[in-house]
Number of protein chains: 2
Amino acid sequence: MEDDTLDAAFSALADPARRAIIARLSRSSATVNELAEPFAITKQAVSKHIQVLEQAGLITRTRDGQRRPCHLDPAALEALTGWIDTYRLEAERQYRRLDGVLSTLKDQHSKERS
Amino acid sequence: MEDDTLDAAFSALADPARRAIIARLSRSSATVNELAEPFAITKQAVSKHIQVLEQAGLITRTRDGQRRPCHLDPAALEALTGWIDTYRLEAERQYRRLDGVLSTLKDQHSKERS
DNA sequence: TCGTTGATCAACCATTTGGTTGATTACATC
DNA sequence: GATGTAATCAACCAAATGGTTGATCAACGA
């Protein structure tokens, strides 16, 4: 994944309104007006949030007459967890390796004393 | 997870320098100077990035004399993938459900024509 | 064709952010 | 104690961000 893609995706998720939109869209597609309803901000502001999410590739939009419903893209979310997991798993692997070294040292110490 | 925590964590990841720091720390702990070395920015800027990561709970810091090494926290990363997966899995579930409905309709259509 | 509704565009404002330089703190070593 | 080094603090700057209001575009329904 390119830097720009990850920049856009993570900063898109770094806002509670946009995360709420993600949560809502995970249940079903929805239009801007439907998404705006639960928020205390203007429809224009929601429209901006949606553009950010779309630009980040997290959602897609279709045409349905006058409406332009938004759909969550699970594959984009999976790409993000994939990135995070790469480093989480590596870190966990390193910690286990360190634990192994420490217990080896401890064993050697016990052996020396016995 | 609270909104503020997620805000801090995701916006911490929304910067290529900070992601590079995460990647570096997944292999082993490192000090500010070590982390700053591969970058074309000042040590102070790196120090700021590290504070952002620490504030977000993604890394921890310890004292080793004059040095203050940074350590990646895998559990914090796991919390993020957990959040994302909640909605990714729900979206995938909904898409499968929709596919089921569509194929049922298609079957009924075939039956009617036969 | 005309009014209504979904949605975006445009301009503007306050705040945040990523970077800089220069000064300062804290620890280690001579 | 004096010097050097790891790291942060402080003040500042340019650019990006999240929000507003007002105007505009595009499609539907009478």
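Quick note: numbers below take in every heavy atom, side chains included, and nothing from hydrogens, waters or symmetry partners. Here is the naming used below: chain letters follow the sequence lines, and residue numbers restart at 1 for every chain.
Taking atom CZ of residue A:R68 and atom P of nucleotide D:dA27, one finds them 10 Å apart after rounding to whole Å. For the pair A:L53 CG and D:dT17 C1', the computed distance is 14 Å after rounding to whole Å. Atom P of nucleotide D:dG18 and atom CD of A:Q55 are separated by 13 Å, given to the nearest angstrom. Remark: C1' of D:dC28 and CZ of A:R67 are 10 Å apart, rounded to the nearest angstrom.
For B:R67, the salt bridge (charged side-chain N to carboxylate O under 4.0 Å, His left out) test picks out no residue, with sequence neighbours left out. Residues meeting the side-chain contact (heavy atoms from CB on, under 4.5 Å) test with A:R63, sequence neighbours left out: A:R68. Residues that satisfy the side-chain contact (heavy atoms from CB on, under 4.5 Å) test with A:P16, not counting sequence neighbours, are A:R19, B:D3, B:D7. For A:S29, the side chain to side chain donor-acceptor pair (under 3.5 Å) criterion is met by A:H71, not counting sequence neighbours. For B:E37, there are no side chain to side chain donor-acceptor pair (under 3.5 Å) partners at least two apart in sequence or on another chain. Not counting sequence neighbours, the partners of A:S28 by the side-chain contact (heavy atoms from CB on, under 4.5 Å) test are A:R24. For A:Q51, there are no side chain to side chain donor-acceptor pair (under 3.5 Å) partners two or more places apart in sequence or in a different chain. Residues satisfying the side-chain contact (heavy atoms from CB on, under 4.5 Å) criterion with A:T86, sequence neighbours excluded, are absent altogether. For B:N33, there are no side chain to side chain donor-acceptor pair (under 3.5 Å) partners, not counting sequence neighbours.
B:S47 has a side-chain polar atom (N or O) that falls below the 4.0 Å cut-off from OP1 or OP2 of D:dT8. In terms of phosphate contacts, A:R61 brings no side-chain nitrogen or oxygen within less than 4.0 Å of OP1 or OP2 of C:dG6.
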Just the atom pairs and distances: protein N or O near nucleotides 27-30 of chain C's N or O, under 3.5 Å.
unit_1 : atom_1 : unit_2 : atom_2 : d
C:dC27 : O2     : B:Q66  : NE2    : 3.3

List, with names and distances, any nitrogen or oxygen atoms from the protein found under 3.5 Å away from nitrogen or oxygen atoms belonging to nucleotides 13-20 of chain C.
unit_1 : atom_1 : unit_2 : atom_2 : d
C:dG18 : OP1    : B:R18  : NH2    : 3.0
C:dG18 : OP2    : B:R18  : NH1    : 3.3
C:dG19 : OP2    : B:H49  : NE2    : 2.3
C:dG19 : N7     : B:K48  : NZ     : 3.1
C:dG19 : O6     : B:K48  : NZ     : 2.3
C:dT20 : OP1    : B:T42  : N      : 3.4
C:dT20 : OP2    : B:T42  : N      : 3.0
C:dT20 : OP2    : B:T42  : OG1    : 2.6

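Near-neighbour residues of DNA chain C inside residues 26-36 of chain A, defined by a heavy atom below 4.0 Å, number-ordered: A:T31, A:V32, A:N33.
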Verdict with reasoning, A:L13 to B:W83, per side-chain contact (heavy atoms from CB on, under 4.5 Å): CA-CA 11 Å; A:L13 291 182; B:W83 187 91; 4.2 Å; yes
Worked verdict on A:L53 versus A:L72 for side-chain contact (heavy atoms from CB on, under 4.5 Å): CA-CA 9 Å; A:L53 289 166; A:L72 188 57; over 6 Å; no
